Number of protein chains: 2
Amino acid sequence: MADVFQLLAEPSRRHLLEALREGEQSVNDLVVRTRMTQPSVSKQLRILRDSGMVSLRPVGRQHLYSIQGRSLREASEWLSYYEQFWQEGLDRMDEALQRPPRARTRRKA
Amino acid sequence: MADVFQLLAEPSRRHLLEALREGEQSVNDLVVRTRMTQPSVSKQLRILRDSGMVSLRPVGRQHLYSIQGRSLREASEWLSYYEQFWQEGLDRMDEALQRPPRARTRRKA
DNA sequence: GCCACACATACCTAAATGGATATATGTCTG
DNA sequence: CAGACATATATCCATTTAGGTATGTGTGGC
């Protein structure tokens, strides 16, 4: 597993991925949305691209980036081994509740 | 809020969590399993504990650690927003695109 | 009380890296 | 082709931090 978590550890890179959730975007789009400087965006995109987490489609003088899910899937699979640990916790807390889980502490990353 | 992904970025901490998947373990157990030095194990456990990712139960002169799933759940939820990106290509998605994930559906343990 | 055991912390050093500024590469328009 | 525009890279710097060694704290047995 080419350190997926290391990539996700950086808030700036997560911000980029969050912006890219809304679809393919140019570098400048990402600069505006994330309020990072352009070189920083390019630098982090380069890292994300080298690791296969985003892909690049050149259109004219723009570079359109989009998410490539494969690496993220690996991270998700690693985490899936731990589902029991937070479900145990919920079960204990909910105890008698057989209802499907209501949104408890919903929060965004 | 401590950065979950930052915690998971460190291989040594992931190794500890992987070892703890098999259940509560003493520090020395973890030293043996991970082949780290004892101070390193203690140091990383301290970090994991401060962030609520593991919990400590003292028994005699031993400290038994176990996984606390809440933080990991947050990471998993963040990733769940990207499921659509690795599901693309596996099969055609309906126009009903995956919307913001609700609490992950309960899985058989 | 003393000593061995189990673990935690203090301190230091070396390596990694994010962000900023400056500059280079590449592409479009006229 | 010049010049604007879009993005990439180069370089420097400051911060973070993992890991090692030495030592501190706490517990149990005799």
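In this text, all values refer to a predicted model and were calculated from it rather than measured experimentally.
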Novice: Can you confirm if the NZ or CZ of A:Arg21 lies within 45° of the ring axis of B:Tyr81 and under 6.0 Å from the centre of its six-membered ring?
Specialist: yes

Novice: Kindly indicate whether the side chain of B:Gln38 and the base of C:dA8 share any N or O donor-acceptor pair separated by less than 3.5 Å?
Specialist: yes

Novice: Check whether any side-chain nitrogen or oxygen of B:Ser12 sits under 4.0 Å from OP1 or OP2 of D:dG19, and answer yes or no.
Specialist: yes

Novice: Strictly below 4.0 Å: does A:Gln44 bring a side-chain N or O up to OP1 or OP2 of C:dG19?
Specialist: yes

Novice: Examine C:dA20: is either OP1 or OP2 under 4.0 Å from a nitrogen or oxygen in the side chain of A:Ser40? Give yes or no.
Specialist: yes

Novice: Does B:Thr37 make a side-chain N or O approach to OP1 or OP2 of D:dG20 shorter than 4.0 Å?
Specialist: yes

Novice: Examine D:dA18: is either OP1 or OP2 under 4.0 Å from a nitrogen or oxygen in the side chain of B:Arg13? Give yes or no.
Specialist: yes

Novice: Which is true for B:Pro39 with a 4.0 Å heavy-atom rule: it touches a base, it touches only sugar-phosphate, or it touches nothing?
Specialist: base

Novice: Verify whether one side chain among A:Glu18 and B:Trp78 offers a donor that lies under 3.5 Å from an acceptor in the other.
Specialist: yes

Novice: Between B:Asp29 and B:Arg33, does at least one N-O distance fall below 4.0 Å, as a salt bridge requires?
Specialist: no

Novice: Using a cut-off of less than 4.0 Å, is there contact between a side-chain N or O of A:Tyr65 and OP1 or OP2 of D:dA8?
Specialist: yes

Novice: Which part of the nucleic acid does B:Leu64 contact within heavy-atom distance under 4.0 Å: base, sugar-phosphate only, or nothing?
Specialist: nothing

Novice: Please determine if a side-chain N or O atom of A:His63 lies less than 4.0 Å away from the OP1 or OP2 oxygen of D:dA8.
Specialist: yes

